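The structure appears right after this line, and notes come after that.
Quick caveat: nothing in here was measured; it's all calculated off a predicted structure. Scope of the values below: all heavy atoms of this structure, side chains included, with no hydrogens, waters or symmetry mates. Convention: sequence-line order gives letters A, B, ...; per-chain numbering from 1.
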Amino acid sequence: MNFITEAVTKAVKILYQTEVDPNQINLQETRKEFEGQVTLVTFPFTKFSKKSPEQTGAEIGEFVKNELPEVSDFNVIKGFLNISLGDSYWLDQFYTNILADQFAVFSPKGKRVMVEYSSPNTNKPLHLGHVRNNLLGYSVAKILEAAGYDVIKANLVNDRGIHICKSMLAWQKFGQGETPETAGVKGDHLVGKYYVIFDKAYKKEIEALVASGQTEEEAKKNAALIKEAQEMLLKWEAGDEQVIGLWKTMNSWVYAGFTETYQRLGVNFDKFYYESNTYLLGKDIVEEGLQKGVFFQKEDGSVWIDLTADGLDQKLLRRSDGTSVYMTQDLGTAQLKYDDFQMDESIYVVGNEQDYHFKVLFLILEKLGKSWAKGLYHLSYGMVDLPSGKMKSREGTVVDADDLISEMEQTAREHTEALGKVESFSESEKLQLYHTIGMGALKYFLLKVDPKKRLLFDPSESVDFQGHTGPFIQYTHARIRSVLNRAPFEVGVEKVSRLFPEERDLILLLIQFPDMIEAAALAYNPAAIANYIYEVAKGFNKFYHELSILQADDQLTKNFRLKLADASGKVIKKGMGLLGIDVPERM
RNA sequence: GGUCCCAUAGCUCAGCUGGAUAGAGCAACAGAUUUCUAAUCUGUAGGUCUUAGGUUCGAAUCCUAAUGGGAUCACCA
């Protein structure tokens with residue numbers, strides 16, 4: 001639309017002897033109820049024209065129409081100049097731009113970006129909150145890739161600490177040698193079971209201690225189980241062979257389980273970091289900070305940074321006993337990642353309950369003078385709520401990821417069987433389709449919402465398959481493929497010269513795809529893609545409903561519509577791919 | 001208490017750097033299939049954009065405050 005901006009600039013210059021800044025020129029899509037496709041808001045120009053908005057619009061419109069052959073007509077309503085571009089303009093866009101091999105393909109930006117996501121704890125299976133995280137991270141990585149970035153997907157696994165010791169201890173005490181094989185349970189679920197067992201036993205101990213007169217706080221510290229777990233952690237840190245052995249065994253169970261869940265979710269990683277390797281990092285940085293005078297030491301020897309001038313608090317970076325804290329480790333890990341990849345940007349996909357942590361983390365790195373600190377970004381997303389409130393893993397009110405996936409597949413099966421369209425499918429094709437549709441529904445449901453907003457998930461209502469949903473879009477794609485399989489279009493035949501409104505509207509939508517990718521990449525926002533693709537699907541369905549493709553009046557029109565359908569299908573497929581969603585050929 | 005985030009139709013959500021009469025889907029109601037997949041399409045109904053000020057020719061959008069909801073502020077991770 002640059003050529004319109006230029007013409008308007010010229011119009012204002014000649015008509016009103018004023019130079020306007022091109023990005024002051026406000027072009028937008030014309031609302032459906034008015035004639036035209038592009039609208040110029042003319043209020044700002046009345047200052048220069050000294051005339052009414054209507055008259056100003058009419059003058060600019062007249063000028064632009066004479067200036068640009070593409071402009072076929074215009075009308076003015078109040079301060080809005082609605083410009084109509086001729087069919088030949090849109091057809092030209094379609095044939096030379098949308099149909100080109102390079103449509104919506106970006107050339108490399110020469111920038112590297114790391115997306116860290118998932119980052120699970122190894123003491124329990126993944127739940128719905130992790131699902132949102134994984135889908136977001138994967139999609140953002142895909143979008144950045146599409147926009148021309150060199151992307152590294154990273155997963156920082158929290159594989160050590162008191163939480164995993166709790167599972168280990170409970171297994172040691174009550175497990176009787178149970179393994180995923182003997183129990184017939186997925187490894188991550190088995191370990192999670194012992195985490196819950198620990199918690200129950202621990203709570204009982206606390207209750208007993210409270211009954212015997214201790215305060216709850218004391219009881220929490222004094223319970224035998226927690227002390228044992230802490231001892232176990234110390235042994236782990238000391239490299240105790242037996243503890244390390246058990247730790248390795250139980251973690252390997254969890255990894256086998258995670259691998260399966262990741263595979264079903266359709267996400268993957270280029271690089272794994274493990275906290276067992278990184279938890280000691282950051283000690284150098286503490287020294288560096290002290291030396292640079294960015295950190296300070298208190299009398300007891302603990303090391304802090306004072307961020308009160310930035311509206312934050314004082315933050316501990318090294319305990320008085322010389323051990324480090326979470327923040328220290330994250331400082332070290334940030335440095336490690338940068339040393340490994342020298343990326344221009346580094347995105348942390350982490351829930352918004354850690355907003356403060358990342359604000360502090362980034363600020364510290366900046367104060368230390370790390371040149372790469374400005375490339376750090378916390379992609380903060382809202383929690384997933386259930387109608388009953390928050391999910392609490394220890395209280396069993398979580399929606400388990402594996403269960404959820406299975407339920408989605410089951411629901412997809414029921415819907416599909418009720419419609420009876422897949423009789424000709426083989427059994428494995430059917431299973432594949434149920435997975436595609438079920439995951440399409442789930443992923444779209446979670447990704448269409450702005451990441452930063454919290455999200456309400458109602459398991460009883462489950463996820464819809466009609467309306468603004470993944471399956472709706474998948475269905476649109478299947479329809480397109482169905483038509484194209486009946487009659488492939490011919491390449492290189494003559495072009496049509498006029499358009500129906502439904503055709504033009506669809507072209508208008510399709511042409512926005514590259515801008516959408518760019519905008520979504522800039523905002524790290526898959527929801528922008530999700531909502532756009534929905535518009536495309538709706539636009540196609542309308543076109544499909546109003547105009548016949550295969551029974552078009554003439555061969556030229558038929559061929560054009562086949563190409564338009566094909567282009568729509570490609571945008572849908574690619575766009576859904578950016579969300580990590582597959583689209584079927586038939587459904 | 002300090003700081004941060006959120007508030008749009010009965011429900012779930014769009015609404016780009018301020019622009020026209022605030023849009024979708026679900027749910028409700030009424031229609032469309034001799035025709036390319038009805039998981040579709042069309043229509044009706046549904047709103048003081050939490051409230052009160054302010055900036056502006058113009059505010060759901062920007063600023064301030066209040067209310068409601070959430071998060072966070074550990075020598076936890």
- request: Give a yes or no on this: more than 12 heavy atoms of other residues, nucleotides or ligands lie within 6.0 Å of atom NZ of Lys430(A).
  value: yes
query: For atom C1', what is the distance between rA45(B) and rG10(B), given to the nearest Å?
result: 12 Å
task: Name the closest nucleotide to the Gln329(A) side chain, picking from rC36(B), rA77(B), rG19(B).
output: rA77(B)
query: Side-chain donor or acceptor of Ser482(A) under 3.5 Å from a matching atom on the base of rC36(B)?
result: no
Shortest side-chain distance from Phe465(A), nucleotide among rA39(B), rC75(B), rA7(B): rA39(B)
task: Write down the distance separating the C1' atoms in rC49(B) and rC6(B), rounded off to the nearest Å.
output: 14 Å
Phosphate OP1/OP2 of rU42(B) contacted by Lys542(A) side-chain N/O (<4.0 Å): yes
message: Less than 3.5 Å apart, any donor N or O on the side chain of Arg479(A) or Asn541(A) sitting next to an acceptor on the other?
response: yes
- request: Provide the distance between the two C1' atoms, one in rG1(B) and one in rA59(B), to the nearest whole Å.
  value: 33 Å
message: Please pick, from rC75(B), rC73(B), rA77(B), the nucleotide with the shortest atom-to-atom distance to any side-chain atom of Tyr356(A).
response: rC73(B)
query: In whole Å, what separates the C1' atom of rG15(B) from that of rA7(B)?
result: 15 Å
query: Nearest to the side chain of Asp355(A), which nucleotide is it out of rC4(B), rA77(B), rU72(B)?
result: rC4(B)
- request: Determine the interatomic distance between P on rC36(B) and the same-named atom on rA24(B); round to the nearest Å.
  value: 28 Å
- prompt: Between rC75(B), rC36(B), rC41(B), which nucleotide has the shortest distance from any of its atoms to the side chain of Glu546(A)?
  reply: rC41(B)
query: To the side chain of Gln551(A), which of rU35(B), rA39(B), rU40(B) is closest?
result: rU35(B)
message: On the six-membered ring of Tyr348(A), is Lys337(A) placed so that its NZ or CZ lies under 6.0 angstrom from the centre and within 45° of the ring axis?
response: yes
task: State which of rA77(B), rG70(B), rC36(B) makes the closest approach to the side chain of Arg454(A).
output: rG70(B)
query: Just how far, in rounded Å, is P of rG25(B) from CG of Leu446(A)?
result: 21 Å
statement: Considering only heavy side-chain atoms of Val325(A), the closest of rA20(B), rG19(B), rA77(B) is rA77(B)
- prompt: Does Ser324(A) or His545(A) map to a spot on RNA chain B nearer the 5' end, using the closest nucleotide for each?
  reply: His545(A)
Aromatic-base stack, Phe80(A) on rA20(B), cutoff 5.5 Å, angle under 30: yes
message: Under 4.0 Å, counting only non-hydrogen atoms across every strand here, what does Thr39(A) touch: a base, just sugar-phosphate, or nothing?
response: base
field: Nearest-nucleotide pick for Tyr534(A), side chain only, options being rA20(B), rA24(B), rU35(B)
entry: rA24(B)
query: Rounding to the closest angstrom, what is the interatomic distance between rG43(B) and rU48(B) at atom P?
result: 24 Å
query: Hey, does the side-chain of Asn541(A) have a donor or acceptor N/O within less than 3.5 Å of a partner on the base of rA39(B)?
result: no
- request: Determine the Euclidean distance between corresponding P atoms of rC16(B) and rG69(B); express it in Å to zero decimal places.
  value: 28 Å
field: Earlier contact from the 5' end, RNA chain B, for Arg486(A) and Asp313(A)
entry: Arg486(A)
- request: Return the stacking result for rG58(B) and Phe43(A): yes when the ring centres lie under 5.5 Å apart and the planes under 30°, no otherwise.
  value: no
message: Keeping Arg561(A) on the side-chain end and Phe543(A) on the backbone end, is there a donor-acceptor pair under 3.5 Å?
response: no
- request: Report yes if a donor N or O on one partner sits less than 3.5 Å from an acceptor N or O on the other, where the partners are the side chain of Thr416(A) and the base of rA39(B); otherwise report no.
  value: yes
task: Side chain of Arg479(A) only, please: which of rG70(B), rU21(B), rU37(B) is the nearest?
output: rU37(B)
